[in-house]
K.L.:
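Following this message is one structure expressed as structure tokens.
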Amino acid sequence: MLDCRCLAALAGRVRLISFDQALALVEASVASLPGEDVPLAEAAGRVLAAPVFARREAPFSDVAAMDGYAVHDGSTKAGMPILVLGESRAGAGFSGAVQPGQAIRIFTGAPMPNGADRVIMQEYATREQDTVIFAEGYGPGWHVRAAGSDFSAGDLLLDVGTRLGPRTIVTAAAADQAMLKVSAQPKVAIIGTGDELAPPGEAHLRADAIPESVTYGIAALAQQAGARVVARMIGEDSLPALERLAGEMLDQADVVIVTGGASVGERDFAKPMFVSHGLELLFSKVAMKPGKPVWLGEAKGKWVLGLPGNPTSAMVTARQFLRALLAGLQGQSIAQVLQWRTLPLACQLPATGGRETFVRARWDADGLRPLGNQDSGVQLALAQADWLIRSLPNSPALDAGGMVTALEF
């Protein structure tokens with residue numbers, strides 16, 4: 001049995017704090033995991049733990065920006081036959097020099113030969129054996145990319161905290177770096193609680209069962225945020241069993257997420273299951289709707305995040321607090337993963353009550369349109385919502401066209 005004094009200690013630490021206060025606690029308390037070196041080909045989706053500097057300038061030399069002919073501009077005129085000495089291709093440049101009145105056939109990306117300072121596009125060229133004649137109007141572009149015009153050797157190209165995606169992977173490769181130092185992937189374990197829960201595909205076999213959906217969504221969100229899900233399971237509503245499970249997961253993961261349970265009531269074991277493992281709460285309730293029961297603490301040196309059992313509440317709080325927690329563990333700032341934007345309303349937004357409210361909405365051609373069903377337990381609306389509108393406590397109703405603060409959901 002859980003010691004009553006432990007329950008009393010948990011209850012005594014219950015204090016409602018604001019959404020901003022909770023995020024500030026996360027930012028101040030979470031340290032990044034150690035870095036590790038990975039090959040460039042395996043770095044997509046990871047977060048840089050060390051900056052990426054260019055090994056050499058790019059382009060390494062002046063190069064052609066168009067297919068055509070490299071010439072000495074000062075001695076080249078339209079209608080004048082010019083001797084073509086050879087050609088320059090990317091990876092196989094012309095080794096000689098271009099004198100006045102001479103040209104080199106050149107292709108995009110090829111190094112400019114010595115003595116040439118302009119590329120005349122092939123559309124203006126008429127080739128006759130070893131000579132070329134250029135038509136009037138081949139200017140004004142010179143079609144040359146200068147050496148170092150992209151970046152110079154030693155330039156900082158990507159900073160710590162950058163999540164590597166398709167475009168930044170190109171930049172890292174252009175820096176001529178084969179290995180990158182990235183933050184370790186946070187290991188996440190997810191425990192759903194509630195005897196009424198059944199695996200999808202089996203709930204219809206029991207009259208009192210509902211499909212367990214929340215842990216699947218949380219796992220997908222965690223993976224999207226760069227984490228590695230090491231376990232996802234349903235725990236039975238038995239405190240001794242949940243305590244054992246909590247200990248096992250704390251040994252395996254950097255973050256243990258438990259869904260369901262909003263208090264220290266008779267059948268709510270979400271917090272009590274971690275007490276014997278030294279749970280210390282960072283915060284226990286947040287003045288927000290939906291998601292008031294969300295909490296965060298530490299046990300055995302690992303982070304424990306408690307999410308509401310209602311699907312919408314769980315996903316709204318996970319989008320904000322789990323993303324913030326995983327960002328910190330990977331060396332990112334909260335601002336990098338909670339990017340609030342100011343956007344117009346497509347229809348009226350109702351007034352809010354005393355708690356900060358996050359209204360599920362979808363984007364259409366006229367702006368953000370709040371969904372009709374804002375119940376914290378709905379699941380169909382999760383597929384329809386792609387934005388969260390942030391409404392401060394006691395905000396008045398806003399008409400269509402009004403500007404609101406919103407976060408991609």
Side-chain angles (χ1 to χ4, degrees), residues 1-3 5-7 9-10 13 25-26 29-38 45-47 49 182-195 197 199 212 214-261 264 268-284 293-309 314 317-318 321-332:
M1 292 290 292
L2 184 66
D3 192 313
R5 288 171 297 179
C6 294
L7 282 172
L10 278 178
R13 298 197 59 176
L25 285 171
V26 175
S29 305
V30 179
S32 61
L33 296 170
E36 58 186 10
D37 294 319
V38 300
R46 306 293 293 274
V47 176
V182 297
S183 296
Q185 282 185 287
K187 297 187 291 292
V188 170
I190 308 166
I191 305 171
T193 64
D195 284 343
L197 302 177
E212 196 288 303
V214 175
T215 65
Y216 290 92
I218 300 304
L221 190 151
Q223 291 169 332
Q224 189 181 65
R228 181 160 60 93
V229 177
V230 296
R232 186 199 55 75
M233 64 198 68
I234 301 173
E236 61 178 294
D237 278 346
S238 160
L239 184 55
L242 288 173
E243 284 180 319
R244 287 193 297 272
L245 186 57
E248 294 170 6
M249 295 302 99
L250 288 168
D251 289 338
Q252 294 183 33
D254 302 301
V255 178
V256 179
I257 303 165
V258 58
T259 70
V264 290
D268 289 334
F269 301 129
K271 291 190 188 82
M273 64 191 280
F274 293 97
V275 169
S276 62
H277 303 291
L279 177 65
E280 291 286 339
L281 290 172
L282 191 65
F283 59 82
S284 57
V294 64
W295 56 273
L296 180 65
E298 282 187 279
K300 296 176 68 171
K302 308 296 182 64
W303 288 105
V304 184
L305 177 63
L307 300 177
T317 50
F321 292 106
L322 179 57
R323 286 300 304 269
L325 176 59
L326 294 176
L329 290 171
Q330 295 174 89
Q332 292 186 302

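These numbers come from a predicted model, not from an experiment.
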K.L.:
Between the main-chain N or O of Gln330 and the side-chain N or O of Ser32, is there a donor-acceptor pair closer than 3.5 Å?
P.N.:
no

K.L.:
According to the interplanar angle, ranging from 0 to 90°, do the rings of Phe274 and Trp295 count as parallel (below 30°), tilted (30 to 60°) or perpendicular (above 60°)?
P.N.:
perpendicular

K.L.:
Grab the two heavy atoms, one from Val229 and one from Ala222, that are nearest each other, plus how far apart they are.
P.N.:
CG2-CB, 4.3 Å

K.L.:
Given Thr215, which of Ile191, Ile234, Ile257, Ile190 fulfils the side-chain contact (heavy atoms from CB on, under 4.5 Å) condition?
P.N.:
Ile190

K.L.:
Taking all atoms of both residues into account, what is the closest heavy-atom pair of Gly194 and Asp237, and its distance?
P.N.:
N-OD1, 3.3 Å

K.L.:
I need the Leu326 CG to Gln185 CD distance, nearest 0.5 Å.
P.N.:
11.0 Å

K.L.:
Could you pull out the closest heavy-atom pair between Ala314 and Val214, with the gap in Å?
P.N.:
CB-CG1, 3.5 Å

K.L.:
Run through Val26, Val294, Leu305 and flag the one making a side-chain contact (heavy atoms from CB on, under 4.5 Å) with Leu322.
P.N.:
Leu305

K.L.:
Could you tell me if the side chain of Arg323 sits less than 4.5 Å from the side chain of Gln332, heavy atoms only?
P.N.:
no

K.L.:
Keeping Gln224 on the side-chain end and Gly226 on the backbone end, is there a donor-acceptor pair under 3.5 Å?
P.N.:
no

K.L.:
Please report the closest heavy-atom contact between Thr193 and Thr259, naming both atoms and the distance.
P.N.:
OG1-O, 2.8 Å

K.L.:
Got a second to check how far Leu239's CG is from Ser276's OG, nearest 0.5 Å?
P.N.:
7.5 Å

K.L.:
Is Glu243 close to Phe269 at the side-chain level, that is, under 4.5 Å between some pair of heavy atoms?
P.N.:
no

K.L.:
Is a salt bridge present between Asp251 and Lys302, judged by a nitrogen-to-oxygen distance below 4.0 Å?
P.N.:
no

K.L.:
Please report the closest heavy-atom contact between Ala270 and Gly260, naming both atoms and the distance.
P.N.:
CB-O, 3.2 Å

K.L.:
In sequence, state the C-alpha distance, the side-chain angles, and the governing distance for Val182 and Glu36, and then conclude on side chain to side chain contact (heavy atoms under 4.5 Å, CB included).
P.N.:
CA-CA 5 Å; Val182 297; Glu36 58 186 10; 4.2 Å; yes

K.L.:
Could you tell me if the side chain of Val258 sits less than 4.5 Å from the side chain of Val256, heavy atoms only?
P.N.:
no

K.L.:
To the nearest 0.5 angstrom, please state how far the NZ atom of Lys187 sits from the CG atom of Leu33.
P.N.:
7.5 Å

K.L.:
Show, in sequence, the C-alpha distance, side-chain angles and deciding distance for Met249 and His277, and conclude whether the side chain to side chain contact (heavy atoms under 4.5 Å, CB included) test is met.
P.N.:
CA-CA 11 Å; Met249 295 302 99; His277 303 291; over 6 Å; no

K.L.:
Using 0.5 Å steps for rounding, measure from the OG1 atom of Thr317 to the CG atom of Leu307.
P.N.:
4.5 Å

K.L.:
What distance do Glu236 atom CD and Leu197 atom CG have between them, rounded to the nearest 0.5 Å?
P.N.:
12.5 Å

K.L.:
Between atom OG of Ser29 and atom CH2 of Trp303, what is the distance when rounded to the nearest 0.5 Å?
P.N.:
5.0 Å

K.L.:
For the backbone of Ser183 and the side chain of Arg46, can you confirm whether one donor and one acceptor N or O come within less than 3.5 Å of each other?
P.N.:
yes

K.L.:
Looking at every heavy atom in both Ala253 and Val188, which two are closest together, and how far apart are they?
P.N.:
CB-C, 4.1 Å

